[in-house]
Amino acid sequence: MADSIMQEKKECYITGSVSGLHCHHVFDGCRRKASDKWGCWIWLRADYHNMSDRGVHFDSKLDLQIKQETQKRFEQLYGRNRFMQVFGKSYL
Ligand SMILES: [Zn+2]
């Protein structure tokens, strides 16, 4: 797995908490492998991941927000064309 393009430290992306962390692939399903390869993953506290209703896997607004922030960062690094090649659709 490549280093995350979103975080340098191992801490929750939302709360900054450093315990009970889960690794979340920002673009999952069929795009999970590409997320791995391109560092599109973040640390989340369990409740913001999938252990409560506010978790990113259940809160589509939060999910989209994180996808958009990740796409923006990716495009700063590699550009829109590469994003479209790798992930096949834009979230912006
Ligand atoms: Zn996840």
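Indexing begins at 1, ligand by ligand and atom by atom, following the structure's order. Worth knowing before you read on, the calculation uses all heavy atoms, side chains too, and leaves out hydrogens, waters and symmetry mates.
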Over 12 non-hydrogen atoms of neighbours within 6.0 angstrom of CD in Gln76: yes

Atom nearest to the Zn ion (ligand 1) - His24, N, O or S atoms considered: ND1

Validation row: Leu21, Cys12 side chains within 4.5 angstrom (heavy atoms): yes

2.8 Å cut-off met by an N, O or S atom of His22 to the Zn ion (ligand 1): no

Proximal heteroatom of His57 relative to the Zn ion (ligand 1) (N/O/S): NE2

Carboxylate-amine/guanidinium contact Lys61 Asp59, below 4.0 Å: no

Between Tyr78 and Trp38, ring centroids under 6.0 Å: yes

